Q: 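One structure is given below, represented as structure tokens, and several questions about it will come after.
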Number of protein chains: 2
Amino acid sequence: MTPEPASSTDYWSTRLREQGLRVTHQRLAALEVIDHHPHSSAEEIYRLLKRAQRVPTVTLQTVHGIVNDLTAIGLLRRIDLPGKDSAARYETRVGDNHHHIECVRCGRVEDVDCARGEAPCLLPSDTHGMTLLEAQVTYLAVCHECELTLRKETHA
Amino acid sequence: MTPEPASSTDYWSTRLREQGLRVTHQRLAALEVIDHHPHSSAEEIYRLLKRAQRVPTVTLQTVHGIVNDLTAIGLLRRIDLPGKDSAARYETRVGDNHHHIECVRCGRVEDVDCARGEAPCLLPSDTHGMTLLEAQVTYLAVCHECELTLRKETHA
DNA sequence: ACCATTATTTTTAGTAATTCAAAATAACTG
DNA sequence: CAGTTATTTTGAATTACTAAAAATAATGGT
Ligand SMILES: [Mn+2]
Ligand SMILES: [Mn+2]
Ligand SMILES: [Zn+2]
Ligand SMILES: [Zn+2]
């Protein structure tokens, strides 16, 4: 059985060391922040790290390096949503192949459970001779608040 | 004196005028090029337009303007594929809600017919109170050529 | 066909997201 | 605790795209 870590810091530290990465307070703080603010962009993570005085000296370039490294070892998942306001977003919920629904107006993102739970959860009618890795599904929608806003605008 | 077959030029001209847009040789040439090279990026369209001396004076900014305008009136479809080295791609096959399979290594993109043919072709387990517009499906894969290349690299 | 109107293209700059490389810093090892 | 070197910081570059003003050309009326 897996022993429960005393704190989330211990948990992340163990995961980092397992992968041969050093345990820095920047990485730990980033993981905390992403865990509490899923689907954040590098810029948002950066602001959250500075705002709470967690890592006042951190730079945006460091955040990019961190999310790249942590994604590479499977501690984070990167999601690329469509739209020209395209900044990659990151989350700690990995390994369950879940999907996302995005409001095309305000960019709000919510999780959508996968029916199958592992990739690929959907099969193409034709693979064109390729080896399928994953079916990436993104639901585009308009959230309730934006619907109301749009209705007002249409009225005027 | 029209170097292009009158039929396709006439077709696009009619579509443009229907939408109140002027028929410019830049727009016509762009539509031709995209029709013959589906899933091209603005940069690729730009190079294709200059290469064949079709529109030697065209600029990349113009291509961006054209694809934006033509997408807005439904003559083109814009596809945003995942992977951060990915520029938006454009195609003339519109209105059938088809999907795509992309090689994650070389970026090759092929069409995948939609089982339903119109959006949304898939329903989320939870809409989170949002009004669903579309289920965007992208299959990530490794093409045959890339598979062979990767096998060689692993060997060495 | 000619001209006027104005949409479109071109020219010139600027922005946002991300990457790269060298120098400074700070984790791990012994 | 000191040495090694991964990581962060600093500073600059790149890519994809947008913005605004000046030049050009497509349409409509004569
Ligand atoms: Mn998620
Ligand atoms: Mn297609
Ligand atoms: Zn919204
Ligand atoms: Zn390939």
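First the proteins, then the strands, lettered A, B, ... as listed; each starts at 1. Everything numeric here is computed off the predicted structure, so don't read it as measured data.
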Q: For DNA chain C, whose closest nucleotide is more 5', that of Arg27(B) or that of Arg89(A)?
A: Arg27(B)
Q: Given 3.5 Å as the limit, does a donor-acceptor pair link the side chain of Ser13(A) with the main chain of Thr9(A), or not?
A: yes
Q: Which residues in residues 37-51 of chain A have a heavy atom closer than 4.0 Å to any atom of DNA chain D?
A: none
Q: Would you work out how much the helix from dA1(C)-dT30(D) to dG30(C)-dC1(D) bends between its ends, with each end axis defined by five base pairs, to 10 degrees?
A: 40°
Q: What does the B/S/- profile of nucleotides 23-30 of chain D look like, 5' to 3', with a 4.0 Å heavy-atom cutoff to protein?
A: ---BS---
Q: Report the residues that fulfil side-chain hydrogen bond (donor to acceptor under 3.5 Å, both in side chains) with Glu110(A), sequence neighbours left out, ordered by chain and then residue number.
A: Arg108(A)
Q: My understanding is that a hydrophobic cluster links ILVMFWY residues whose side chain heavy atoms are under 4.5 Å apart, including indirect links. Using that, what else belongs to the cluster containing Val137(B)?
A: Ile101(A), Val112(A), Leu122(A), Leu123(A), Met130(A), Leu132(A), Val137(A), Tyr139(A), Ile101(B), Val112(B), Leu122(B), Leu123(B), Met130(B), Leu132(B), Tyr139(B)
Q: Taking atom C1' of dT7(D) as reference, at what distance in whole Å does atom CG of Leu31(A) sit?
A: 15 Å
Q: Could you work out, with salt bridge (charged side-chain N to carboxylate O under 4.0 Å, His left out) as the rule, every residue matching Glu43(B), not counting sequence neighbours?
A: Arg47(B)
Q: Name all residues meeting the salt bridge (charged side-chain N to carboxylate O under 4.0 Å, His left out) criterion together with Arg17(A); count only those two or more places apart in sequence or in a different chain, and write none if there are none.
A: none
Q: Check Val94(B) against Arg77(B) and note the closest heavy-atom contact, atom names and distance.
A: CG1-N, 3.6 Å
Q: Could you give all pairs that pass the salt bridge (Lys or Arg N to Asp or Glu O under 4.0 Å) test and reach residues 117-134 of chain B, with sequence neighbours left out?
A: Arg116(B)-Glu118(B)
Q: Is Ser86(A) reaching over with its side chain to a backbone N or O of Pro82(A), donor-acceptor style, under 3.5 angstrom?
A: no
Q: Just to verify, what does Asp96(A) make a side-chain hydrogen bond (donor to acceptor under 3.5 Å, both in side chains) with, not counting sequence neighbours?
A: Arg93(A), His98(A)
Q: Quick check against the 3.5 Å criterion: does Gln19(A) have a side-chain atom that pairs as donor or acceptor with the backbone of Leu16(A)?
A: no
Q: Show which side-chain atoms of residues 66-73 of chain A pair as donor or acceptor with protein atoms under 3.5 Å away, not counting sequence neighbours.
A:
residue, atom, partner, partner atom, Å
Asn68(A), OD1, Arg78(A), NH2, 2.5
Asn68(A), ND2, His64(A), O, 3.4
Thr71(A), OG1, Val67(A), O, 2.6

Q: Tell me which residues in residues 59-70 of chain B put a heavy atom below 4.0 Å from DNA chain C, sorted by number, or none.
A: Thr59(B), Gln61(B), Thr62(B), Ile66(B)
Q: With a 4.5 Å heavy-atom cut-off, do Val142(A) and Leu133(B) have their side chains touching?
A: yes
Q: Linking Ile, Leu, Val, Met, Phe, Trp and Tyr through side-chain heavy atoms less than 4.5 Å apart, which residues share a cluster with Val109(B)?
A: Leu81(B)
